[in-house]
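Following: one structure in structure tokens, then a few remarks.
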Amino acid sequence: MRGKGRTGLALGLATAIGGVGIFAAVGLFSFVNALPDADAADWSEPQSRPSVEFATPAHAPRPAEPAEHPYLADPGWLAQTAAVTGIPERALAAYAAADLRVADELGCAVGWNTLAGIGWVESYHGTIHGSAIDADGVARPSIVGIPLDGTNGTMAIPDTDGGELDGDTEWDRAVGPMQFIPETWYLWGADATGDGHASPHSIDDAALTAAHYLCRLDGTLETENAWIAAIRSYNNTLEYQQRVASAAERYAEDATAVGS
């Protein structure tokens, strides 16, 4: 699909780990360039999709008592699961909340670990290049990708947001822990916290937006074909699909020990 015109979605740039190279693919998201190597990148034998029961919202149980926010996962589960998976707890809370919310409101099973797999591939859960997700859910310093100017394997995407989201008034750049391109954020951005503002730099807003986008094709990700189609619509390469699947499966397997 390299060189094709855009049709409402944005073309994503994926910079592969391990010297595989740079490739462009149709999708909603794009990697920041030059992702650093990490121990987690050594996960072996990537699958086409997770073989575990990844999509069950019960993986992130609700609190026993009503919470101020109806989609908060159980605090004990969050702490233990973050410890065994290595996912920062604040990011995990956003993935679990988004999973619970689309299951409740849309009847769509996404899987907190599917969202976590994407979050790891895109930005190592908001920790790439020295960034971190603060208590309010915002990644600081802001995660901003390379200019999508037609070089380095990217499509040329002239500025669509006046630099409001990405700080670039000439070219668009992917932004935030889930790496949205500005024009697609304006189409799909969701306000998860109810503060009246949807920001791609907020892991809560970005995770919910990603969940909505994944649900749009089949209404759920419970079957193999639906899961693969959703991930490939996100970024249409086998490499991306396999890396997300490998991460999502590992997270689910690690989390099964929690509470057992």
Side-chain angles (χ1 to χ4, degrees), residues 1-4 6-7 9-38 40-52 54-55 87 91 95 98 110-128 143 145-146 148 152-155 157 172-181 184-185 188 200 206-207 209-218 221 223-252:
M1 300 294 290
R2 186 188 299 267
K4 298 289 185 179
R6 289 174 287 131
T7 58
L9 294 182
L11 283 163
L13 166 70
T15 304
I17 288 178
V20 176
I22 297 173
F23 51 91
V26 173
L28 179 64
F29 305 95
S30 70
F31 294 123
V32 291
N33 68 315
L35 289 176
D37 290 329
D42 294 329
W43 293 346
S44 60
E45 299 180 3
Q47 304 299 311
S48 295
R49 46 85 75 189
S51 60
V52 296
F54 65 94
I87 302 170
Y95 303 143
V110 171
W112 64 267
N113 56 314
T114 295
L115 296 171
I118 292 170
W120 177 81
V121 171
E122 294 293 352
S123 70
Y124 298 147
H125 309 301
T127 66
I128 196 169
I143 301 170
I146 63 173
L148 303 177
N152 297 311
T154 71
M155 292 295 294
I157 305 179
D172 268 352
R173 299 172 181 244
V175 293
M178 302 298 268
Q179 285 291 276
F180 282 93
I181 292 171
T184 44
W185 181 260
W188 294 93
T209 299
H212 281 162
Y213 187 78
L214 292 170
C215 289
R216 85 197 190 288
L217 292 179
D218 294 292
L221 277 67
T223 69
E224 179 175 344
N225 288 340
W227 192 92
I228 292 174
I231 300 302
R232 293 295 287 265
S233 74
Y234 208 89
N235 191 314
N236 192 22
T237 69
L238 179 61
E239 170 80 6
Y240 189 87
Q241 172 193 327
Q242 289 178 328
R243 294 184 67 218
V244 171
S246 180
E249 183 168 21
R250 175 62 65 89
Y251 289 143

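These figures come from a predicted structure and were not determined experimentally.
- Within the 4.5 Å cutoff, the side chain of I143 has no heavy atoms near those of the Y124 side chain.
- From N236, atom CG reaches atom CD1 of I231 across 11.5 Å, with rounding to the nearest 0.5 Å.
- Looking at L238 and R232, their side chains come closer than 4.5 Å, going by heavy atoms from C-beta outward.
- Heavy-atom minimum distance, V110 versus C215: CG2-SG, 3.4 Å.
- Remark: side-chain polar atoms of Q242 are not paired, donor with acceptor, to backbone N or O of E239 under 3.5 angstrom.
- Smallest separation of non-hydrogen atoms from T114 and V244: O-CG1, 4.2 Å.
- At a threshold of 4.5 Å between non-hydrogen side-chain atoms, the residues Y213 and M178 do not count as touching.
- Here the straight-line distance linking atom NE2 of H125 with atom CD1 of I87 works out to 4.5 Å at 0.5 Å rounding.
- Here the closest non-hydrogen pair linking Y234 and A210 is OH-CB, 3.5 Å.
- Interatomic distance, CG of D172 versus CE of M155, reported as 13.0 Å (0.5 Å rounding).
- Between A206 and P200, the shortest heavy-atom contact is CB-O, 3.9 Å.
- The aromatic rings of F180 and W185 stand perpendicular to each other, their planes meeting at an angle above 60°, with 30° marking the opposite boundary.
- Taking the side chain to side chain contact (heavy atoms under 4.5 Å, CB included) definition, one finds that A207 meets it with A94, Y95, A98, sequence neighbours left out.
- Remark: E122 CD to N235 CG distance equals 7.0 Å, nearest 0.5 Å.
- Taken from CD in E249 to CG in N113, the straight-line distance is 9.5 Å, to the nearest 0.5 Å.
- Within the 4.5 Å cutoff, side-chain heavy atoms of I118 are placed close to those of L214.
- Proximity of a side-chain donor or acceptor of T154 to a complementary backbone N or O of L148 within less than 3.5 Å is not detected.
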R243 vs Y240, side chain to side chain donor-acceptor pair (under 3.5 Å): CA-CA, chis, key distance, verdict = CA-CA 5 Å; R243 294 184 67 218; Y240 189 87; over 6 Å; no
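- Here the shortest heavy-atom pairing between G126 and S123 reads N-OG, 2.8 Å.
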